[in-house]
Amino acid sequence: ILNVEQSPQSLHVQEGDSTNFTCSFPSSNFYALHWYRWETAKSPEALFVMTLNGDEKKKGRISATLNTKEGYSYLYIKGSQPEDSATYLCAPHNTNAGKSTFGDGTTLTVKP
Amino acid sequence: DGGITQSPKYLFRKEGQNVTLSCEQNLNHDAMYWYRQDPGQGLRLIYYSQIVNDFQKGDIAEGYSVSREKKESFPLTVTSAQKNPTAFYLCASSLLGHTEAFFGQGTRLTVV
């Protein structure tokens, strides 16, 4: 089983704060990494797919970076809003079978 | 609308009974997955399938069985051999390769 660690486990910030969290994974046999956002009472939804070392992706106020050599990805949220409150999951792929292993997630709560 | 449907949303069963969770998708995806989530933990892969009539065990397959007779359907049976069946179960589908997964709304199974 691939060891995927996400930190912190939970985060409470004020509206307007910027924040970031980490996904760590074994650097060997890397194929791709997905970030998902999982809001309460909804299904997880994909945010980014990252494949190359040095990849940077951005969607609005949310961005992500990838370092495959050292085995980590950062997710950044600039100017957090209450609607950003969710659990953020990372899922690296270490096989060519398409299946991925999920981290336990970082649960973000943004207070107005 | 295209999507992935799980039913039922809540399911209660007596200990020792087998129970089957339904998962249907109309996204024309080849790959389908079953995950389990326990409180405070991430998603753990139970089974996955990349083609009709073929499936592979994930990280926690013991006590579960699946079938893939149709591309659209990937039902999961929780057998009496599963020691701790009470959990939240998520089904997902994707195109082949390292593409994003689309998730259903989940089924919360409680065994009493």
Side-chain angles (χ1 to χ4, degrees), chain A residues 1-10 21-26 29-53 55 57 59 64 66 68 73 86-107, chain B residues 1-7 9-10 23-25 27 29-51 54-62 66 68 74 87-108:
Chain A
I1 298 178
L2 189 64
N3 185 27
V4 181
E5 295 185 358
Q6 289 191 247
S7 61
Q9 185 175 19
S10 63
F21 14 99
T22 306
C23 172
S24 300
F25 53 88
N29 297 326
F30 177 86
Y31 286 82
L33 181 141
H34 286 94
W35 279 101
Y36 292 88
R37 175 167 58 199
W38 193 359
E39 297 178 66
T40 301
K42 294 187 177 180
S43 306
E45 290 185 342
L47 283 172
F48 304 115
V49 56
M50 313 185 78
T51 54
L52 299 175
N53 185 44
D55 250 356
K57 297 288 178 74
K59 185 183 292 186
L66 177 68
T68 60
S73 177
T87 296
Y88 292 83
L89 300 168
C90 73
H93 298 245
N94 73 322
T95 74
N96 59 6
K99 70 182 185 76
S100 56
T101 300
F102 282 81
D104 288 347
T106 292
T107 298
Chain B
D1 288 352
I4 182 164
T5 303
Q6 288 185 244
S7 61
K9 192 172 181 180
Y10 298 96
C23 179
E24 304 277 332
Q25 55 99 359
L27 300 168
H29 286 167
D30 287 298
M32 296 189 74
Y33 313 83
W34 273 105
Y35 293 94
R36 167 182 173 141
Q37 189 197 31
D38 293 285
Q41 296 190 32
L43 303 177
R44 292 184 291 168
L45 183 65
I46 304 172
Y47 268 99
Y48 66 104
S49 168
Q50 295 184 294
I51 194 170
D54 189 42
F55 46 83
Q56 284 77 41
K57 292 181 179 180
D59 300 321
I60 56 164
E62 186 175 350
V66 293
R68 187 86 186 275
F74 192 40
F88 184 69
Y89 292 88
L90 266 177
C91 180
S93 69
S94 73
L95 297 171
L96 292 178
H98 305 106
T99 58
E100 67 178 281
F102 292 78
F103 289 85
Q105 295 275 7
T107 293
R108 187 166 298 281

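Values below: every heavy atom of this structure, side chains too, minus hydrogens, waters and symmetry copies. Throughout, protein chains are lettered first and strands after them, A, B, ... in sequence-line order, and every chain is numbered starting at 1. All values reported here derive from a predicted model rather than from experimental measurement.
- For A/Q6, no part sits under 4.5 Å from any heavy atom of chain B, backbone or side chain.
- Here the side chains of B/F103 and A/Y36 are in contact, with some heavy-atom distance below 4.5 Å.
- Residue contact with chain B, scored on non-hydrogen atoms closer than 4.5 Å, involves the backbone of A/A41 exclusively.
- In this structure, chain A has a heavy atom under 4.5 Å from the side chain of B/Q37, while its backbone stays farther away.
- Of all heavy-atom pairs spanning A/A46 and B/E100, the tightest one is CB-OE1, 3.3 Å.
- The distance from atom OG of A/S100 to atom OH of B/Y35, rounded to the nearest 0.5 Å, is 4.0 Å.
- The closest side-chain heavy-atom distance from B/L90 to A/P44 is below 4.5 Å.
- A pairwise comparison of heavy atoms in B/G104 and A/S43 identifies O-OG, 2.7 Å as the closest pair.
- Atom CD of A/E39 has more than 12 neighbouring heavy atoms from other residues, nucleotides or ligands inside a 6.0 Å radius.
- Residue B/Q56 places its CD atom among more than 12 non-hydrogen atoms of other residues, nucleotides or ligands, all under 6.0 Å distant.
- If you measure heavy-atom distances from B/A101 to chain A, the contacts under 4.5 Å come from both the backbone and the side chain.
- Closest heavy-atom contact between A/A32 and B/H98: CB-CB, 3.7 Å.
- There is no contact between B/L96 and chain A, counting heavy-atom distances below 4.5 Å.
- Within a 6.0 Å sphere centred on CD of B/Q41, other residues, nucleotides and ligands contribute more than 12 heavy atoms.
- With a 4.5 Å cut-off on non-hydrogen atoms, B/F102 does not touch chain A at all.
- Of all heavy-atom pairs spanning B/L43 and A/F102, the tightest one is O-CB, 3.6 Å.
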